[in-house]
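To keep things clear, I will list the structure first and then write my remarks on it.
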Amino acid sequence: MIARPSARLTLAALLLPATSACATSGDVAAANVPAAASAQSVAEAAQAETLPPLFALEMQRGEEFLAGMMEQGVVVPLPKDPGGGYTHEQHKRNFRAIYQGGQLYRITGDERYRAYVRDMLLAYADMYPALGDHPAKANQNVGRLFWQVLNDAMWLVHSVQGYADIRATLTPAERQRIDDNVFRPAARFLSVDSQRTFDRIHNHATWATAGVGMTGYLLGDDDMVQRALLGSDKSGEAGFLRQTELLFSPDGYYTEGPYYQRFALLPFMVFADAIAKNEPERKIFAYRDGILVKALRTTIQLTYGGYFFPFNDAIRDKSLNTAELYEGVAIGYANTKNPDLLSIAEFQGRTVLSANGLTLSRDLAAGRAEPFPFRSLLLSDGPEGKQGAVAVLRDGEGPDHMALVAKNSSQGMGHGHFDKLSWQLYDKGNEIVRDYGAARFLNIEAKEGGRYLPENESWAKQTVAHNALVVDQTTHFDGDAKVADSLAPEQLYFSDSDALQITTARIDTAYPQSPVAMLRSLALLEVDGLAEPVIIDVLRASGDGARTFDLPLHYSGHIMETGFDVTRNVAGRPVLGDSDGYQHIWVDGTAVPRAGKSHMTWLLDGRFYSYRFVPRDGLQVILAESGANDPNFNLRREPIAIQRVSGVDAVTFVSMIEPHGLYDGATEQTIDSRSLVASLEHIKQGNNDIVIVETKGGAKTALAISYDTDPARRHSATIDGAPVSWTGFAARIELPGEGN
């Protein structure tokens, strides 16, 4: 084990820039002064300060990791394995060791860290020039050290930072050998040999441009820097700056969704930090109205309980506790001093071993943190904010608050799912209405080498795998991502008023060959007599000819009871269809609900949820489960309730979810296990939709929707023979009743 240096290190030693950070190769060679020695000379005149706890703990983690790596010696194997395999994981550990080893040397001056990073890079210098295409290449753009070029870019982004911390301490021969045999060819591989990836508007290109640009700054190579910023031809039609313009909406929403926003945030923020230090005149953090800081804050907003909303090809395990956000929060705080970012760092319990991390840790220890304002908000999608939106409706504060997320956004490029106007619901720390995310076991060799599974295409991306309307058992856009990328929903309305939060969007192009107009409103509605809001879902759909409309609800929990009688498939479970995801659905039972009996209740983590819908002629309910036709056990088994109406050209689905009650198995206590709602009614008058919720106590509350975007226009309707009126798009109306 490495003896841990004293926590009383000087701030001057930590904050002093490495001699090579902004200098040319010639300047460094001429100076030939070890960075640590320079730092120490400054440090002797500076007053020592005890490192703040968060930073000290991060140092301890880094030291323990490096101790284990150094005990093994320098291990640089010839690349062979795909994601999750030995060589893949070793090269990942190596770039982390180079990165953190450089940081620890810069902070402590401990020669062993410098020597280890130097020897590791010299070993790569021996191997890298002879590398060709990775032997485990598949359908991805092939890498050298890794099976896909993305991972090579990640290696470069991390390794060049560690190299920057020791480069000035090397002999001219060592420096030239590493420059010419590792970093210059790695940058050339990414920006020239992999030009197609480098010039994409995509997260892979973000990593590549960041790695090449940072290498350019370190080596004093302006050509590298300009290619990174402006694209391989330096026209500005590609490159890092263009990516900030096209991948984020004006609200900071990243087109591929929260999971990939988190992933791309590290190269965006780290390269921007390097640009700010090397070319402050660019004012990169003010670029495009401060888009990168907006993106950081939006990334944080797109979480519940710390976990990202699992849109598109998302791995559901990812949360704020991830390396990308440790770096992003530290850089964001250093550039804004916004105290609510300190509370995120406090939640993470992590930071980074940089001057940014020290600044954050010091201010956190000084008690300057303020709560991060998780709130209801509308996030536009597309570079001009005209490709739909994501609406987040939150009720209350703290870890148990309720959150409804309406995904009315664009396709999200190749990682997008075909789920127009889909939604999710969170309550009491749990995901109640689910999104499947990606069908993938990342870096587990046994599961397709850690790649996306075949079921990602056959199930996870399909419309029926989401809480989105399916017409004629066919996926939106016929599953064609190129078509989907050209067509997006339109966000019509959003309001986050106290008693009624609502979002409405429409799309008429999800079925381009046989158009179907879809219009969906989702609301958190406060109902007299109920302690918490109910969720109201009003979905209109219309097309030509007799169609079959399926509205799935993917929920979490165990069914307690159904108001309708279910014809059960006990001896064997049929499969619902043969394509478009339906081949993966087992049918447990079917029912034809009647008025007053159209509801079901499930239990999750001590909380009851009742799903209630307005029955109509021809409505069938299908209770089902995912996992059919899955020979390799790749899919999770999760319950589904599907409302189906066939043989009509138009339909309006009106549904409600009501949280209620308590179950405590430890104390054997059950409270309000049955719904507190007596009825759910839908009235259509003219273009108005009116949904009436009546509690068992007799109180009546209505949600009235006019679909008129003029906020000043007045609307009227008749309910139970009495006139009612409201102004604007939507309103909550208390109706006469026994409980009102």
Side-chain angles (χ1 to χ4, degrees), residues 406 421 469 490-495 497 499-508 516-530 533-544 547 549 551 593-596 598-599 612-619 643 645 647-658 677-695 698-740:
L421 310 190
L469 184 69
E490 178 186 4
Q491 181 73 33
L492 295 179
Y493 184 72
F494 174 85
S495 174
S497 62
L500 170 63
Q501 299 190 63
I502 184 169
T503 171
T504 301
R506 71 181 176 199
I507 186 168
D508 301 336
V516 175
M518 303 179 192
L519 177 66
R520 192 170 203 174
S521 296
L522 290 153
L524 295 181
L525 175 70
E526 291 189 6
V527 173
D528 280 358
L530 300 182
V534 299
I535 295 85
I536 301 293
D537 177 13
V538 181
L539 194 158
R540 292 184 181 184
S542 61
D544 294 329
R547 318 295 286 266
F549 297 94
L551 184 60
R594 303 188 310 274
S598 52
H599 58 85
R612 187 178 297 269
F613 36 87
V614 176
R616 53 158 293 150
D617 292 343
L619 177 66
Q643 296 182 62
V645 177
V648 298
D649 62 0
V651 66
T652 299
F653 291 102
V654 178
S655 315
M656 180 185 78
I657 292 180
E658 170 203 359
V677 170
S679 67
L680 178 69
E681 182 183 359
H682 172 234
I683 300 172
K684 183 170 174 53
Q685 293 183 7
N687 194 48
N688 301 327
D689 278 312
I690 300 171
V691 181
I692 303 169
V693 181
E694 182 178 6
T695 68
K700 290 184 178 182
T701 307
L703 167 62
I705 310 174
S706 71
Y707 303 102
D708 188 335
T709 56
D710 183 348
R713 187 167 297 164
R714 195 158 183 80
H715 307 277
S716 61
T718 302
I719 302 176
D720 294 336
V724 297
S725 63
W726 71 97
T727 300
F729 192 98
R732 174 186 179 273
I733 303 172
E734 294 182 6
L735 301 175
E738 294 180 11
N740 291 99

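Note that the numbering runs from 1 along the sequence shown for the chain. Only heavy atoms go into these numbers, but all of them, side chains included; no hydrogens, no water, no symmetry mates. Keep in mind that this is a model prediction, so the values were computed, not measured.
Residues meeting the side-chain contact (heavy atoms from CB on, under 4.5 Å) test with Val516, sequence neighbours left out: Val471, Tyr511, Met518, Ala541, Arg547, Phe549. Judged as a side chain to side chain donor-acceptor pair (under 3.5 Å), and not counting sequence neighbours, Asp710 has no contacts. A search for ring pair (Phe, Tyr, Trp, His ring centres under 6.0 Å) contacts involving Phe494 returns nothing, not counting sequence neighbours. Annotation: side-chain contact (heavy atoms from CB on, under 4.5 Å) contacts of Thr652 (sequence neighbours excluded): Val538, Arg540, Val654, His682. Applying the side-chain contact (heavy atoms from CB on, under 4.5 Å) rule to Asp508 yields the partners Ala517; only residues at least two apart in sequence or on another chain are considered. Judged as a side chain to side chain donor-acceptor pair (under 3.5 Å), and not counting sequence neighbours, the contacts of Arg506 are Glu490. Phe613 pairs by the ring pair (Phe, Tyr, Trp, His ring centres under 6.0 Å) definition with Tyr611, not counting sequence neighbours. Qualifying side chain to side chain donor-acceptor pair (under 3.5 Å) partners for Arg594, counting only residues two or more places apart in sequence or in other chains: none. With sequence neighbours excluded, no residue satisfies ring pair (Phe, Tyr, Trp, His ring centres under 6.0 Å) with Phe653. Taking the ring pair (Phe, Tyr, Trp, His ring centres under 6.0 Å) definition, one finds that His715 meets it with Trp726, sequence neighbours left out. In this structure Thr727 satisfies the side chain to side chain donor-acceptor pair (under 3.5 Å) test together with Arg714, sequence neighbours excluded. Not counting sequence neighbours, Arg612 has no partner by the salt bridge (Lys or Arg N to Asp or Glu O under 4.0 Å) test.
The side-chain heavy atoms of Val693 and Leu680, taken from C-beta on, include a pair separated by under 4.5 Å. Contact of the Leu524 side chain with the Ile535 side chain is registered, since non-hydrogen atoms from C-beta on lie closer than 4.5 Å. Side-chain atoms of Asp720 and Lys700, non-hydrogen and from C-beta on, do get closer than 4.5 Å to each other. Between Val651 and Gln643 the shortest side-chain heavy-atom distance does not fall below 4.5 Å.
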**Item:** Full working for side chain to side chain contact (heavy atoms under 4.5 Å, CB included) between Thr701 and Glu526
**Value:** CA-CA 8 Å; Thr701 307; Glu526 291 189 6; over 6 Å; no
**Prompt:** Would Val534 and Ile657 count as a side chain to side chain contact (heavy atoms under 4.5 Å, CB included) if you check the C-alpha gap in whole Å, the side-chain angles of each, and the deciding distance to 0.1 Å?
**Reply:** CA-CA 6 Å; Val534 299; Ile657 292 180; over 6 Å; no
**Request:** Check the pair Arg616, Val648 against side chain to side chain contact (heavy atoms under 4.5 Å, CB included), reporting the backbone distance first and the verdict last.
**Result:** CA-CA 12 Å; Arg616 53 158 293 150; Val648 298; 4.0 Å; yes
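Between Val645 and Asp617, the closest heavy-atom pair is CG1-O, 4.3 Å. Scanning all heavy atoms of the two residues, the minimum distance from Glu694 to Val677 falls at O-CG1, 3.4 Å. Listed here is the closest heavy atom pair of Ala702 and Leu525: O-CD1, 4.5 Å. Taking every heavy atom of both residues into account, Ala406 and Leu522 meet most closely at CB-CD1, 4.0 Å. Scanning all heavy atoms of the two residues, the minimum distance from Pro615 to Pro593 falls at CB-O, 4.0 Å. Nearest approach of Ile690 to Ile719, heavy atoms of both residues: CG2-CD1, 3.6 Å.
Between the Arg520 side chain and the Leu421 main chain, a donor and an acceptor come within less than 3.5 Å of each other. Side-chain atoms of Gln491 come within 3.5 Å of backbone N or O of Thr504 as a donor-acceptor pair. The backbone N or O of Gly728 lies less than 3.5 Å from a partner atom in the side chain of Ser706, making a donor-acceptor pair.
Between Tyr493 and Phe729, the ring planes lie parallel to each other; the angle is under 30°, not in the 30° to 60° tilted range.
Interatomic distance, CG of Asp708 versus CG of Asn688, reported as 9.0 Å (0.5 Å rounding).
Enclosure of atom CG in Asn687 by more than 12 non-hydrogen atoms of other residues, nucleotides or ligands within 6.0 angstrom is indicated.
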